[in-house]
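The block underneath contains the structure these notes are about, expressed in structure tokens.
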Amino acid sequence: LLGLLALPHAAFAQSTDAVIVGIVSDGTGAAAVGAAVTAVNDATGVSREGLTNETGAYRIGPLVPGTYTLTTKLNGFKTKVQKEVSLQTGAVLKIDFALEVGSVSESIEVTGAAPMLQTQETSVGGVITTSQLQRIPVNGRNYTRLLVLMPGTSDVRRSQGRGDLSGTQMVSVNGQRTQDNNYTMDGVDNNMMFMNSPGGSPPMDAIQEFRVATGNSAEYGRSAGANVNVSIKSGTRDLHGSAYWFVRNDKFDANELFANRQGRGKVPFRQNQYGIAIGGPVVIPKVYQGREKTFWFLGWEGFRMRRGQTAQSTVPTAEMRNGDFTGVGRNIYDPLTGQLDAQGRIVRQLFPGNRIPAARINPGMKAIADRLLPLPNRAGLVNNFLQTEGQGIDRDMTVLRVDHTFSEKDVIWGRMLEQRVGQQVPAASSMFVSENRYDVRNYGFGWNHIFSPSTVMELKYGYNSPNNPGCPVFRNGITRAGILEAGGVSIFDKEALCDTLPNFSAQGYLGAGGGGGETIRDKNHQTS
């Protein structure tokens with residue numbers, strides 16, 4: 001539960017926090033011992049100080065990702081100020097200072113952007129920044145779709161490529177399977193263990209940035225692909241917020257080519273995505289002023305999608321169900337009349353008139369077929385059933401984070417994510433529809449304490465509980481027990497996961513029954 005890091009250049013395992021390290025020297029190149037290096041978060045005003053050791057080395061961390069101003073002071077030397085230091089998620093950034101002789105009251109300001117080359121750790125990867133999250137158009141606005149912007153990534157689906165749940169994009173990194181990635185949020189586990197897909201998907205407006213790293217050291221472990229580490233926004237000393245609404249509607253669209261050729265109208269399509277993202281300091285008039293100590297951030301997003309889907313299939317006619325196969329173009333043979341001919345082949349007799357006698361039809365199987373297979377709604381024997389029904393997705397996500405700074409040595413934070421996703425996918429048959437829920441609860445809490453410039457404690461607890469059920473919803477009063485009773489089937493249990501129905505199919509025809517799925521509720525506790 002307690003982790004002590006005694007190496008000046010060590011990174012935090014599974015952490016979104018960043019670290020600044022470097023060397024401070026005087027005009028002759030000698031080590032500047034005892035120099036004070038202060039990092040101030042431009043958004044919150046929270047500061048963190050480090051002192052150089054006997055070799056002139058300093059280390060400041062852990063730091064929340066963001067833009068910082070670094071100030072270096074030492075008696076007998078001019079103050080050096082470095083602005084626009086951008087700290088990315090999980091970064092260990094090295095910034096050196098060369099001091100000039102003079103009064104500490106004199107200040108030298110460096111206005112150019114600080115170098116972003118990281119030489120303190122071996123991982124290879126990239127960061128999707130806040131500006132990219134805000135400016136790059138993404139259908140559905142799910143952050144995982146931006147993973148393909150990273151070098152060495154591909155969204156081409158191969159074998160064992162399942163797991164894209166709740167709008168997530170499964171990506172292969174450096175040739176590994178799409179399941180070989182590890183997803184974390186604020187350093188807390190965020191995996192859906194089933195097929196190892198991403199768990200919670202926070203709104204893009206709630207994400208500060210996320211890092212896709214490969215070639216990690218053993219402290220990250222677990223996956224052969226990439227570590228995808230998402231950093232949730234924290235509040236600032238000033239109140240900031242945004243509101244948005246993205247809409248798609250078939251009223252704005254032209255009809256599809258094939259729908260035009262078949263004389264059908266436009267497929268109904270409604271997609272609305274809306275939300276708010278707001279954060280600031282905790283200020284209670286005349287009670288508490290936390291403008292540079294306590295910050296909060298809240299993000300909420302709703303998503304509603306309805307889109308018609310059309311499936312065309314072949315189902316047996318009413319005459320076929322009664323044994324009449326005249327006009328089908330295939331001969332129906334009596335399986336009980338097999339005899340060997342002179343060449344040793346089995347020869348069977350045709351049913352007279354290509355009709356199966358009523359006495360030879362199993363009433364139980366006929367009852368099951370009549371309940372599970374719809375009748376044709378189009379003329380002909382082929383492609384005689386057309387099913388048009390709406391697919392629906394309802395998604396609501398809430399993210400809340402609170403950060404509090406007790407002092408330069410103690411910082412705590414807490415974050416929650418609640419995701420509620422319901423998806424309905426129509427089947428080719430009108431008898432049932434697939435209903436899936438991808439709900440996620442993900443909580444994280446952390447406490448960072450600095451004992452010395454080279455010894456830091458990071459205490460963290462996380463809870464991740466994603467849900468993955470995929471079950472059909474049967475219509476017209478159909479149940480597993482009712483189907484088994486109607487067919488006189490007694491060798492199977494009347495109760496089963498997702499109420500699975502007997503499944504059978506004939507070549508070239510729509511299958512009946514089936515269903516089933518996985519109902520998994522992970523409950524993962526994590527401490528570090």
Are any non-hydrogen side-chain atoms of F445 and V188 less than 4.5 angstrom apart? no
Between Q419 (side chain only) and S201 (backbone N and O only), is there a donor and an acceptor less than 3.5 Å apart? yes
If only atom types and distance count, is the side chain of Q88 paired as donor or acceptor with the main-chain N or O of V127 below 3.5 Å? no
Could you grab the distance from atom CG of L298 to atom NZ of K233, nearest 0.5 Å is fine? 12.5 Å
Whether the side chain of T67 engages the backbone of S86 through a donor-acceptor N/O pair (distance < 3.5 Å, no angle test) should be reported. no
Interatomic distance, K409 atom NZ to E49 atom CD [nearest 0.5 angstrom]: 10.0 Å
Residue pairs, two or more places apart or on separate chains, that pass salt bridge (Lys or Arg N to Asp or Glu O under 4.0 Å) and touch residues 195-210: R141-D205
Any ion pair linking R415 and D403 (charged N to carboxylate O, less than 4.0 Å)? no
Solution key, residues 35-45 side-chain donor-acceptor pairs under 3.5 Å, sequence neighbours excluded:
from : atom 1 : to  : atom 2 : distance (Å)
N41  : OD1    : A43 : N      : 2.8
N41  : OD1    : T44 : N      : 3.3
N41  : ND2    : Y68 : OH     : 3.2
D42  : OD1    : T69 : OG1    : 2.9
T44  : OG1    : V46 : N      : 3.2

Closest non-hydrogen atoms of T89 and S231, given as atom of the first, atom of the second and distance, are OG1-CB, 3.4 Å
Could you walk me through whether R395 and R420 satisfy the side chain to side chain contact (heavy atoms under 4.5 Å, CB included) test, starting with their C-alpha distance in whole Å, then the side-chain angles of each, then the deciding distance to 0.1 Å, before giving a yes or no? CA-CA 6 Å; R395 184 168 68 234; R420 296 289 179 266; over 6 Å; no
May I ask you to say whether E256 pairs ionically with K266, meaning some side-chain N is under 4.0 Å from a carboxylate O? no
Look up atom CD in E301 and atom CD1 in I276, then write down how far apart they are to the nearest 0.5 Å. 11.0 Å
Evaluate the side-chain proximity of L417 to M185: yes if any heavy-atom separation is below 4.5 Å, no if none is. yes
Donor-acceptor contact below 3.5 Å, side chain Q176 vs main chain V173: no
side-chain hydrogen bond (donor to acceptor under 3.5 Å, both in side chains) partner of D394, chosen from R437, Q423, R306: R306
Are D96 and K94 ion-paired here, with the side-chain N under 4.0 Å from a carboxylate O? yes
Would you please classify the geometry between the F451 ring and the H449 ring as parallel, tilted or perpendicular, with 30° and 60° separating the classes? perpendicular
Is it the case that the side chain of D17 and the backbone of G61 share a donor-acceptor pair, with hydrogens and angles ignored and the cut-off at 3.5 Å? no
Okay, side chain of K80, backbone of A98: is any donor-acceptor separation there less than 3.5 Å? yes
Going by the angle between their ring planes, with limits at 30° and 60°, are H404 and F406 parallel, tilted or perpendicular? perpendicular
Quick one: list whatever passes side chain to side chain donor-acceptor pair (under 3.5 Å) with R307, sequence neighbours left out. none
Mind checking what makes ring pair (Phe, Tyr, Trp, His ring centres under 6.0 Å) contact with W296, not counting sequence neighbours? none
So which heavy atom on D189 is nearest to which on Q526, and how close? N-OE1, 2.7 Å
With sequence neighbours left out, the residues meeting side chain to side chain donor-acceptor pair (under 3.5 Å) with E100 are none
Listed partners of D396 passing salt bridge (Lys or Arg N to Asp or Glu O under 4.0 Å), at least two apart: R304
Using 30° and 60° as the class limits, which term best fits the ring planes of Y463 and Y443: parallel, tilted or perpendicular? parallel
Please work out which of the three classes, parallel, tilted or perpendicular, describes the rings of F474 and F432, given edges at 30° and 60°. tilted
Under the 3.5 angstrom rule, does the side chain of D180 hit a backbone N or O of A226 as a donor-acceptor pair? no
Do the side chain of N249 and the main chain of K251 share a donor and acceptor less than 3.5 angstrom apart? yes
Say whether N191 and N464, considering side chains only, have a donor N or O and an acceptor N or O under 3.5 Å apart. no
Those residues that, when tested against N181, pass side chain to side chain donor-acceptor pair (under 3.5 Å) (two or more places apart): none
The criterion is ring pair (Phe, Tyr, Trp, His ring centres under 6.0 Å); which residues satisfy it with Y288, sequence neighbours excluded? none
Between atom OG1 of T178 and atom CG of L147, what is the distance when rounded to the nearest 0.5 Å? 11.5 Å
Could you work out, with salt bridge (Lys or Arg N to Asp or Glu O under 4.0 Å) as the rule, every residue matching R270, not counting sequence neighbours? D250
Can L133 and Q208 be said to form a side chain to side chain contact (heavy atoms under 4.5 Å, CB included), step by step? CA-CA 9 Å; L133 289 165; Q208 174 73 21; over 6 Å; no
Take L93 and I95 through the test side chain to side chain contact (heavy atoms under 4.5 Å, CB included) and record every step on the way to the result. CA-CA 6 Å; L93 190 61; I95 299 180; 3.9 Å; yes
Within the side chain of T153, is there an N or O that forms a donor-acceptor pair under 3.5 Å with the backbone of V148? yes
Test: salt bridge (Lys or Arg N to Asp or Glu O under 4.0 Å). Region: residues 280-296. Which pairs qualify, not counting sequence neighbours? R237-E292, D238-R291
Taking only residues two or more places apart in sequence, or in another chain, which ones meet H240 in a side chain to side chain donor-acceptor pair (under 3.5 Å)? none
Go through the structure and list residues passing ring pair (Phe, Tyr, Trp, His ring centres under 6.0 Å) with F303, not counting sequence neighbours. none
